[in-house]
Amino acid sequence: MTETASAGPVSGSPAMGGAAQTAPPSVRRRKGRGNRGRSQRATLHRRDPLIGWLFAAPALLGLVVFLAIPIALTLWVSFRDWTGLGSPFDSESVGLDNYRELLTEPGLRRRDFAISLRNTFYYVIIVVPVQTFFAMFLAFLVNQRFLRGRGGFRTLLYFPSVTSSIAITLIWLVLFAQSGIVNRILPFSDINWFDEPNGLVHNLLGVFGVDRAPGWAETEVFELRLWDWLSGPSVALLTIMLLAIWTTSGTMMLIFLGGLQNISRDIEEAAAVDGATWWKRFRYVVLPMLRPQMYLAVTLGVIGTWQVFDQVYASNLGGPQKTTLTPALLVYLQAFDNSQAGLAAATAVILFFIILLFTFLQRRVTGSSDQTP
Amino acid sequence: MNRSHRVSVVVVAALVVTAAACGSDDDATDTAADTAADTAADTAADTAADTAADTAADTAAAPTEGAELRAWGWASSETEDAALTGLLGEYATQSGTAVTFEPQPEYDTALQAALSAGDPPDFFYVDSFKLPDLAAAGALAPVPSGAITDPDDIYPSLQAAFTYDGTWYCPPKDFSTLGLVYDADALAEAGIEPPTTMDELAAAAAALTTDTRTGLVFGPELARAGVFMLANGGYITNDDVTEMTLDTEGNRAALQYLADMFAAGNAAKPSDIEAGWAGEALGKGSAAMVIEGNWIVGFLADNFPDRNWGVVELPEGSAGRGTFAFTVCYGVGTENESDAAWAAVDYLTGPEGAQKWTAAFNVMPARESLADAWLADKPELEPFLNGADYAQPWQFTPGFGDVVTEFNTQFEQLIAGDITVDDLVVSVTEAGESVLG
């Protein structure tokens with residue numbers, strides 16, 4: 001059984017190896033041709049890199065202008081007192097003050113930042129696993145050979161992903177309003193979903209009669225009481241999570257569908273002949289072969305969720321009681337509402353490092369060196 | 001499968017076309033054509049500039065003749081845009097200066113981008129709340145002496161709202177204050193006179209609250225709750241916004257008064273009764289009294305013409321009445337300050353322009369000399385105008401907006417019964433002190 005299982009991932013690599021092996025002959029052929037007319041070809045070969053750069057130039061120019069320069073400017077601005085209301089080159093250097101205000105100085109700015117981190121942390125650890133497994137489930141469904149009209153289902157499931165997130169958010173606001181459809185369908189529910197600031201854990205404990213923080217939870221860690229850190233996402237944030245899961249699952253489904261269609265039917269049949277049950281075939285054959293797709297889906301998910309902006313901007317703008325405040329929204333509010341573009345840039349830089357850290361951790365957990373792209 | 005092949009062919013074809021289009025930018029012919037066009041345009045512009053300069057030199061009395069200006073504002077109602085465009089049309093015939101009004105959907109973002117790119121519009125709306133930020137950043141040109149007709153005619157408090165560090169930056173176009181707007185039928189039915197004191201307000205709110213209607217409704221924010229602190233002689237900061245003054249008896253009493261009213265269910269925030277804002281709640285009949293400003297008048301007339309409403313000044317607290325003044329001015333950027341821009345601003349905020357503008361709307365003229373004529377036209381709005389005497393301008397210092405947001409957050413918790421007045425006062429004071437330094 002274990003042999004069949006390990007056959008899964010291994011049988012994938014010959015295909016890769018095969019592709020790698022076809023490359024050398026062509027290289028050899030080119031070398032051979034080059035040897036025949038050396039003097040003439042040499043000049044062409046010298047120009048090869050230049051021509052290569054020339055072809056890459058439009059894309060490179062785009063990358064430099066729209067990516068490299070803005071990133072460098074953001075980093076530079078994060079050390080300045082730029083208000084965003086004039087040229088950044090007229091601003092003055094403030095050293096590490098912006099970072100200090102966000103990380104080490106107790107006060108409102110650090111508190112807001114801590115709140116946004118707490119909110120987004122819950123958002124990431126709930127949305128990413130749920131959307132990944134939900135997408136995988138959907139991919140399995142539409143990959144079934146006996147399913148009629150698979151193409152239609154695929155389109156339907158992918159539809160939310162290609163619709164404007166603002167439009168979907170507005171529809172969500174209507175659905176989850178106090179007199180909305182969701183409350184009518186759910187019995188005994190008259191929750192004002194988008195306006196409910198209490199944390200889920202807080203609500204759950206409330207059922208058991210705990211409605212005040214116990215003594216130990218009053219300890220403040222990085223501006224917030226332990227009670228606040230542990231209170232869980234608010235109902236309002238949960239509603240936005242549902243929205244995100246629903247819209248992103250379609251995209252993730254396509255990733256998994258691609259992976260599933262690459263798995264040869266022979267392998268599954270071979271496993272079936274060996275007596276593997278459906279679950280065992282899934283767990284030991286299919287799932288290991290989906291690892292690259294899993295890695296991609298989780299990486300994209302982690303990056304996307306840490307940067308969540310449009311849904312919270314369109315629905316609650318951080319409210320109620322800052323429970324849907326996210327770092328990306330905080331950057332926007334600092335830069336455009338409060339004329340503190342320097343502070344906003346510093347927040348963005350810290351967010352960048354947080355995403356880097358999480359991607360690295362996640363790579364450690366789900367990826368292994370030989371199978372990840 | 002077949003279809004997906006076709007799709008990929010289309011995609012590849014599109015990419016090729018795009019690439020070809022990008023490539024053609026480098027074509028020698030295109031460059032030549034561009035250069036020719038540029039030269040032609042430059043020459044034309046130069047000639048035009050020369051002509052304009054000549055004309056200006058010739059007729060010193062009309063320095064703005066032939067100028068073309070861009071004005072920016074936020075998008076409000078279509079009627080408002082049309083009225084402003086009409087006013088600018090009249091100005092164009094009078095002065096020969098063509099002004100195009102370009103409403104911006106994301107105003108703050110758009111203006112900020114234009115300012116940091118060094119290409120702001122010739123003149124633009126500036127909210128009194130945003131003025132300190134803009135003035136401190138040096139984005140606004142001070143009003144040149146003599147550029148604005150009879151500046152002493154402008155209400156001193158409004159002029160002060162656009163003065164930063166002793167410099168006057170821009171003339172107000174109009175202003176609004178908060179009043180107690182009520183459902184006249186509901187009050188008549190309950191046999192209640194519009195309240196004039198805080199005790200009467202609490203009693204009226206209790207008497208007017210039914211299963212489908214809440215007595216008093218207002219947005220849970222400092223811009224509304226603050227009027228109760230002002231009426232008790234307190235406020236969140238001192239006048240210069242250098243110190244937090246939240247921790248006083250008057251403020252605590254005002255906040256407790258509101259907390260009690262919300263706890264009793266006689267007051268509610270709009271989202272609790274499924275309204276986007278208090279004006280909508282009043283229109284729908286789910287609120288009997290709301291705290292709103294002049295903008296509610298046009299809203300009710302357009303959307304709820306059958307609602308029989310009235311307005312009185314906000315009730316008196318232990319130290320008199322309190323209200324906020326919200327005002328917007330026309331600012332001129334430092335980058336491209338021009339005489340033509342100031343002349344246009346002078347027309348719009350001067351006696352003639354301001355009179356026409358405020359006649360078309362329910363906002364109030366910023367000039368004292370126009371008050372009587374305005375009142376004669378709209379006598380029912382007198383309480384709003386009376387507020388001008390004691391109104392607190394809605395304005396702080398750069399960076400203080402975060403503290404206002406923190407107050408709003410805490411205030412929502414207070415009226416939900418999650419925290420006490422003491423919790424709010426302590427944590428907002430701490431937050432404010434960390435920002436004021």
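Proteins get letters first, then strands, A, B, ... in listed order; numbering begins at 1 in each.
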Okay, P106(A) and chain B: the region with an atom under 4.5 Å from a heavy atom over there is backbone

Any salt bridge between K322(A) and E406(B), counting N to O under 4.0 Å?
yes

Pair count under 4.5 Å, heavy atoms only, with chain A: among T109(B), T334(B), D108(B), highest is T109(B)

- Does the separation of the ring centres of W168(B) and F162(B) fall below 6.0 angstrom? no

The interface call for D112(A) against chain B, heavy-atom contacts under 4.5 Å, is side chain

Honestly, the part of N338(A) sitting under 4.5 Å from a heavy atom of chain B is both

Under 4.5 Å to a heavy atom of chain A? For N408(B) that would be neither

When the 4.5 angstrom heavy-atom criterion is applied to S179(A) and chain B, the contacting part is both

Note: vs chain A, highest number of non-hydrogen pairs under 4.5 angstrom among G399(B), A431(B), G401(B), A136(B) is G399(B)

The interface call for R110(A) against chain B, heavy-atom contacts under 4.5 Å, is neither

inquiry  = Could you tell me if the side chain of F123(B) sits less than 4.5 Å from the side chain of W72(B), heavy atoms only?
reply    = no

Turns out that what part of Q340(A) lies under 4.5 Å from chain B's heavy atoms comes down to side chain

**Asked** Is the centre of the Y330(B) ring less than 6.0 Å from the centre of the Y169(B) ring?
**Response** no

When the 4.5 angstrom heavy-atom criterion is applied to Y332(A) and chain B, the contacting part is side chain

Turns out that what part of N198(A) lies under 4.5 Å from chain B's heavy atoms comes down to side chain

